[in-house]
Amino acid sequence: MSQPSIRNIAIIAHVDHGKTTLVDHMLRQSGTFRANEAMVERVMDSMDLERERGITILAKNTAVHYKGTKINIVDTPGHADFGGEVERALMMVDGALLLVDASEGPLPQTRFVLGKALADGLAILVCINKIDRPDARADEVLQEVYDLFIDLGADEDQLDFPVLYACAKEGYANRDGALEPGDLSALLDDIIEHVPAPQGRDENPLRMLVTQLDYDSYLGRLAIGRIYDGRIKKLDELALVGEEGTTKVKVVQLYTFQGLGRIDADDVVAGDIVAIAGIDAMKIGDTLTSLVDPRPLPRLTVEEPTIGVTFLANNGPLSGRSGKYLTARELRDRLERECRYNVAVRIDSGGPVDRIRLFGRGELQIAILIEQMRREGYEMCVSKPEVLTREVDEKIHEPYELAMLDLPSEFMGIVTERMNLRKGRMVSMKAAGSGRSRVEFRVPSRGLIGFRGAYLNDTRGMGIFNRIFEGWGLHAGYIPYRMNGSLVNDRLGQTTTYALFHLQPRGKLFVVPGTEVYEGMIVGENARQNDINVNAARPKQLNNIRSSGADEKLILAPPMPLTLEKAFEFISDDELVEVTPDCIRLRKKELRKSFRSVVRGERKSAKS
């Protein structure tokens, strides 16, 4: 039995292909907002970090009513590092709207999300977005989408997908690709026509899978999921089937989604997406079912993480000045709480008590988590990202990724050389028009650590870089990450203009005059291979002898700004990123200069 008045759909795409902008206009045109009501852009991106970076980080639910049908919409992230959010979102829906940029075409994350949707048997609608771009090539992109469907093993029914052409920024979609202002009625009509109504019987025993967790300051923990069978009423007593066993729970509050908010509900039927409050013990993947006739659903699983970092309490000389949470125990509690809400990350239960090893999907995902923690008042030190390995037939295997580079053809030589050093193997190369080339490499995941910054430098900022997990393969051997050494400060103090001016010829600086520094803190990148211990706090000696050039103005080059992503790209195995609410610093693991070597690279590993 189906619920003809409900449709559940996820919007999936590569990053920056217009998902959230499209949802904005769907909400406005469905009557969620008044015509004269002020509405910010990308209203679904509610986190500060999402607005600052212009990307979606967490999957979010909303719903619109159109022609008597309730359409539950899940807005999903587009970045590969947040693929776990997409996998969970697809568990709640019966169809997916695949957005593809009319100029860029299908990109790596497009392949990932489409592959998951096809494997789940979802009905697919294809929307070619941004048809108003001057370099739009909608017909070619549609053919590339067909090729992608065939590559992913789609059957004949899945290949018979409806196609729409849209300009999400202007809020219109049509079936013929005309650049004429209009509305999204064609898109909403196709969703109702082509996405099947959810199956499920209200009279069957309840089965609901928890796929998301949220938190409300008044209600506490909220469990979000889809009802596959049965119905839920407020104050019902249900069975919660988790990893450790079955417990009896009570539904305190019940909500459905409408627009940007949640609305109270007393009774919700099969096929709808709900939020339940009052069950603190619930985890992602648990099943809510009937006490009398429990029928648990298969537990939710996502792809395993491939990259890990080690968290340590900040033990530097400047620790505790701005943070509220400083100890390893507080760090562990916060990371364990994150693992309960995000199944794409996990903590290594073994190892020393003062070190917490966290595994995730990529550098960006971990950097976002650290940025959230520093804004909450945590101080920590974080190691260089390392990939996970596994042993197969007594041989070490490591994760490999598919890296897609879109760059001006004139830089092909230097980029190919850099990829070869990182054990990358070219898979395909084709001309992308306008003097650009599109190249795909199969490369070990650890070969891409620190690659983005060097790639952007090589291409003068004109290169586009995307990556996606491809599989496991044999260990590729030694990969040189960074050819240059570090400028390491050798004493506690404040940097001076005089000292930094004379350090400039040595390399690039990370600090400005007046910065507090300490022994073992990295103040710059050396132009040569090995590390150098320097005194960045050296003052100019004052005397009563006037010399030639004594009054010359000292001009410093702008320092290289440090973000978390750039810090992770820069540090080596013997270095850490020190993160506090006020600043980001780089430092050596061993602060005392007499206890560490200045030699780096293969020579250092040979000596050790």
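The structure presented is a predicted model; accordingly, all values stated were derived computationally and were not measured.
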Go through D574 and K589 one step at a time and tell me if the salt bridge (Lys or Arg N to Asp or Glu O under 4.0 Å) criterion holds. CA-CA 6 Å; D574 62 337; K589 288 183 179 178; over 6 Å; no
Gap separating the [atom1] atom of [X] from the [atom2] atom of [Y], nearest 0.5 angstrom:
X	Y	atom1	atom2	value
N129	L99	CG	CG	4.5 Å
E417	F411	CD	CZ	14.5 Å
I370	Q365	CD1	CD	11.0 Å
K508	N526	NZ	CG	12.0 Å
F311	L369	CZ	CG	5.5 Å
T580	L318	OG1	CG	9.0 Å

For the student: nearest non-hydrogen atoms of [X] and [Y], plus distance:
X	Y	answer
L586	A567	CD2-CB, 3.7 Å
P317	L591	CD-CD1, 4.0 Å
S437	S409	OG-OG, 2.8 Å
Y400	A476	OH-CB, 3.7 Å
P399	V387	CG-CB, 4.1 Å
P298	L209	O-CD1, 4.0 Å

Could you go step by step and tell me if E590 and R592 meet the salt bridge (Lys or Arg N to Asp or Glu O under 4.0 Å) rule? CA-CA 6 Å; E590 175 54 64; R592 297 166 294 181; 3.0 Å; yes
Is the side chain of [X] donor-acceptor paired with the backbone N or O of [Y] at a distance under 3.5 Å, no angle test?
X	Y	answer
D120	L122	no
T495	V512	yes
E379	G323	yes
N489	A536	yes
Q158	D155	yes
N314	G316	yes
E519	K593	yes
Q504	A557	yes

Between the side chains of [Y] and [X], is the shortest nitrogen-to-carboxylate-oxygen separation below 4.0 Å, so that they form an ion pair?
X	Y	result
D101	K130	yes
R596	D531	no
R329	D333	yes

Other residues, nucleotides and ligands only: do more than 12 of their heavy atoms fall within 6.0 Å of [atom1] on [X]?
X	atom1	answer
R334	CZ	yes
R355	CZ	no
E391	CD	yes

With sequence neighbours left out, write down each residue that passes side chain to side chain donor-acceptor pair (under 3.5 Å) with D135, or none if nothing qualifies.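 Side chain to side chain donor-acceptor pair (under 3.5 Å) check on D135 returns S103, R133.
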After noting the C-alpha distance and the side-chain angles of M373 and L331, does the key distance pass the side-chain contact (heavy atoms from CB on, under 4.5 Å) rule? CA-CA 9 Å; M373 292 175 65; L331 287 177; 3.7 Å; yes
State, with a plain yes or no, whether a side-chain heavy atom of [X] is found less than 4.5 Å away from one of [Y].
X	Y	value
V439	M419	no
W472	V392	no
F465	L405	yes
I522	F570	yes
L388	T306	no
L118	F149	yes
V113	T76	no
K116	I12	no

Test: side chain to side chain donor-acceptor pair (under 3.5 Å). Region: residues 444-459. Which pairs qualify, not counting sequence neighbours?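 Found E398-R446, E401-S445, R418-D458, R446-H475.
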Could you check R375 against E371 for salt bridge (Lys or Arg N to Asp or Glu O under 4.0 Å), going step by step and ending with a plain yes or no? CA-CA 6 Å; R375 295 186 183 197; E371 181 64 32; 2.9 Å; yes
Please test T515 against F510 for side-chain contact (heavy atoms from CB on, under 4.5 Å), starting from the C-alpha separation and ending with a verdict. CA-CA 10 Å; T515 304; F510 300 150; over 6 Å; no
What do the steps show when you test L509 against L500 for side-chain contact (heavy atoms from CB on, under 4.5 Å), and what is the final call? CA-CA 8 Å; L509 298 177; L500 296 180; 3.9 Å; yes
Among R587, E525, K588, E575, find the one that has a side-chain hydrogen bond (donor to acceptor under 3.5 Å, both in side chains) with S486.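 Testing each of R587, E525, K588, E575 against S486, the sole residue satisfying side-chain hydrogen bond (donor to acceptor under 3.5 Å, both in side chains) is E575.
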With a 3.5 Å cut-off and sequence neighbours excluded, list the donor-acceptor pairs that the side chains of residues 422-432 form with protein atoms.
unit_1: R422; atom_1: NH1; unit_2: G447; atom_2: O; d: 2.7
unit_1: R422; atom_1: NH1; unit_2: I449; atom_2: O; d: 3.0

Please evaluate residues I584 and T563 with respect to the criterion side-chain contact (heavy atoms from CB on, under 4.5 Å), reporting the C-alpha separation (whole Å), side-chain torsions for both, the decisive distance (0.1 Å), and the verdict. CA-CA 7 Å; I584 298 170; T563 62; 5.6 Å; no
